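One structure is given here, and the rest of the page talks about it.
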Amino acid sequence: SSDLGVMPLNTATEEILHGITVNDPYQWLEDRELPETDAWIRGQQQRSSAYFSMCPELSAVEARVRKYLDVEVVDQPARVRDCYFYRKRREGQEQGSICVREEMCDTERVLVDPAKKGAFVSVGIYRISPDASLLAYEVKHGGEDRKEIRILDVNKGVDLPDNIPSGYARGFAFAKDGYFYAQETDANSPEHTIRYHSFSSAAPDCIVFRVPRTAGSRLILTGNAHRLAAIWMRPQGKDMVASLAIANVEEGARWHEVFRERRLPYGIILYRDRILAVVETVSRRSRVIEISTDGHEVRTLIPEEYGVLRQLVIAQDRIFVNYLLESGATAMDVWLFTGEHIGSVSLPTGGTVQILPVYEENAASIFYTFESFDTPPTIYGYCVQTDTSRMWHQRGTAYRTSSASVREVSITSKDGTPVPLTLVSLARNDTATPRLVIMTSYGGFGVSATPQFSVLVAIMMELGAMLAIPHIRGGGEGGKQWHDAGRVRNLQLSFDDFIATAEWLCQQGLTTPDQIGIFGGSNSGLLVAAAMTQRPEIGRAHV
């Protein structure tokens, strides 16, 4: 086929997997350095350009996309002392710059401009020192996962000569005259390490903690102004286990083992001189406990509640917990270290809330974001003392479309299992059938598909399409049992749920196979590829 381009000579297209011979004519494309791979990519680009050149409506769509995307975007806000740090991308810019402004001053300073660091460079806030004088920021090239960490003097607005080479960042903590870090720069290293870098010494960074590297192992560093925690995670049989060691920041080379080989999930949080742990229960909900320096449970701070714990931050001795409720809504509850539940933060409804990181233990406020199918990401600042929220920034207020109509139904999968389905369309188009339907889902890693804003979806709904999101097995909507029902050997059930949704939409007269388009990325992309391969006739939408 001309789609395959010129296949390199002596390239095997078959391999035996688990006793089954699999034909893979695209296997050679995995080698990006092959001239044949480059020719194939250029050929696909030419085919795509030729196709879209025949679409007279494309210019109007391009203009609408530009109106959505070329807007001022603010994200990563954090307050330390009297300074607000955030990333801002102005209209016309490709990437956001890191900025700072003081609380009593409206004048902002640009601390890091990625445009000055070369093409295809992005930057982001990584850590902020407790006194707001130093910023650790990440630098990525071309969208890669690896990142370089650089240190900037906030007052002077200049980079220090100190930096961490590009690698996979596993943790960072500022110290009095330097910093501790865990950065995987060499995939062939026989060990994981935590190192200390001194601002005042030209000596090489010294290793303060080390553990063996094994298949699937990882070392995570977390810390605050008082303590460091080294969390060593690795497979053990069918389970993942973790060991925890702690050290005082002033004595970074003297480590004390708290516990060894405790089954995950077991998340560790340091706050002042306390060690907290988020423990997953049998029902896949969570409780928060405090543990002693010898690993024993001291007390339960937050008991197993009515939903799945998604995030936890601490400010002014209050614990803010973001829950996903069984109804699909989100809630933010507030607890004291005595174990007392003192209330809930009043949140917008009908969307998804995310709490943003807090870099200061005495923080007077926290930030959270809200978004829904028809509301772009909006940042709110919550004042701890007054228990009030105010809008801090909303993305693209000028392009907000009319309100979305959301309908929750249930369909029956291939094996008879009921699968929840969310249908979204603009209210003005809600009765039109049959119609174009765009369908996606996730169904992996226990992640729940919650309402989020998508430029693609917003524009497609403006054009009359309906969005369909089946909450397939493998996701987190139905707890641990629902997650396990769609993973490992049960993965096909996730595909069956997705395919059954497309069939149901056609049976109900809401659409036809020629009007269904399926899309997704990451785990969702794998889902879409499997559905497209197994049942190519279910989604044949075309321009």
Side-chain angles (χ1 to χ4, degrees), residues 68 71 73-75 305-311 320-334 343-356 366-382 387-411 419-432 435 437-443 447-472 475-479 482 501 510 524:
Y68 271 101
V71 296
V73 176
V74 174
D75 60 11
E305 263 290 23
Y306 47 86
V308 178
L309 190 154
R310 302 176 69 236
Q311 294 174 293
F320 295 84
V321 181
N322 183 7
Y323 285 107
L324 178 65
L325 307 181
E326 292 181 355
S327 64
T330 53
M332 193 191 307
D333 285 3
V334 188
S344 301
V345 177
S346 179
L347 301 173
T349 59
T352 300
V353 169
Q354 294 281 341
I355 310 177
L356 301 179
I366 65 172
F367 288 97
Y368 64 88
T369 64
F370 172 84
E371 62 181 306
S372 67
F373 293 119
D374 58 6
T375 303
T378 305
I379 299 173
Y380 289 88
Y382 171 81
D387 185 29
T388 57
S389 297
R390 68 176 181 90
M391 185 184 296
W392 207 73
H393 180 267
Q394 185 174 45
R395 184 181 306 178
T397 54
Y399 63 57
R400 179 170 178 174
T401 59
S402 59
S403 297
S405 171
V406 181
R407 185 156 60 106
E408 304 290 348
V409 298
S410 178
I411 66 105
V419 177
L421 169 64
T422 300
L423 300 174
V424 188
S425 59
L426 293 188
R428 66 173 184 260
N429 301 325
D430 198 34
T431 59
R435 65 198 296 184
V437 169
I438 52 174
M439 191 168 75
T440 190
S441 189
Y442 195 78
V447 175
S448 301
T450 59
Q452 295 181 6
F453 186 81
S454 163
V455 171
L456 167 65
V457 171
I459 292 176
M460 293 302 295
M461 289 198 301
E462 288 179 2
L463 297 173
M466 173 186 288
L467 170 67
I469 306 176
H471 302 276
I472 63 178
E477 290 86 346
W482 193 254
T501 301
L510 296 174
S524 181

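Here the structure is a predicted model, which means the values were calculated and not measured. Scope of the values below: all heavy atoms of this structure, side chains included, with no hydrogens, waters or symmetry mates.
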Worked verdict on Gln452 versus Ile469 for side-chain contact (heavy atoms from CB on, under 4.5 Å): CA-CA 11 Å; Gln452 295 181 6; Ile469 306 176; over 6 Å; no
Intermediate values then yes/no, side-chain contact (heavy atoms from CB on, under 4.5 Å), Arg310 and Gln354: CA-CA 9 Å; Arg310 302 176 69 236; Gln354 294 281 341; 2.9 Å; yes
For [Y], does its backbone N or O pair with a side-chain atom of [X] as donor and acceptor, under 3.5 Å?
X      : Y      : answer
Ser524 : Ser441 : yes
Glu371 : Phe453 : yes
Arg395 : Val71  : no
Trp392 : Thr378 : no
Thr352 : Pro451 : yes

When you compare the side chain of [Y] with that of [X], does any pair of heavy atoms fall below 4.5 Å?
X      : Y      : value
Ser389 : Phe370 : no
Tyr323 : Asp333 : yes
Ser425 : Arg435 : yes
Val345 : Val353 : no

Residue pair [X] / [Y]: nearest heavy atoms and the distance that separates them:
X      : Y      : answer
Met461 : Leu426 : O-CD1, 3.7 Å
Leu421 : Thr501 : CD1-CG2, 3.7 Å
Met466 : Leu423 : SD-CD2, 3.9 Å
Trp482 : Gly475 : CD1-O, 3.7 Å
Val437 : Ala468 : CG1-CB, 3.9 Å
Ala404 : Phe373 : CB-CB, 4.4 Å

Tyr442 OH to Thr450 OG1 distance, which is reported to the nearest 0.5 Å: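 Between atom OH of Tyr442 and atom OG1 of Thr450 there are 12.0 Å.
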Value rounded to 0.5 Å, distance of CD1 in Ile459 from CD1 in Ile438: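 Between Ile459 CD1 and Ile438 CD1, I get 10.5 Å after rounding to 0.5 Å.
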side-chain contact (heavy atoms from CB on, under 4.5 Å) between Asp387 and Tyr382, intermediate numbers included: CA-CA 7 Å; Asp387 185 29; Tyr382 171 81; 2.5 Å; yes
Under 3.5 Å side-chain donor-acceptor pair for His471 and Thr422: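 The answer is yes; a qualifying pair exists.
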Worked verdict on Val406 versus Glu408 for side-chain contact (heavy atoms from CB on, under 4.5 Å): CA-CA 7 Å; Val406 181; Glu408 304 290 348; 3.8 Å; yes
Check: Phe320 ring centroid to Tyr368 ring centroid under 6.0 Å: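 No: the rings miss the under 6.0 Å criterion.
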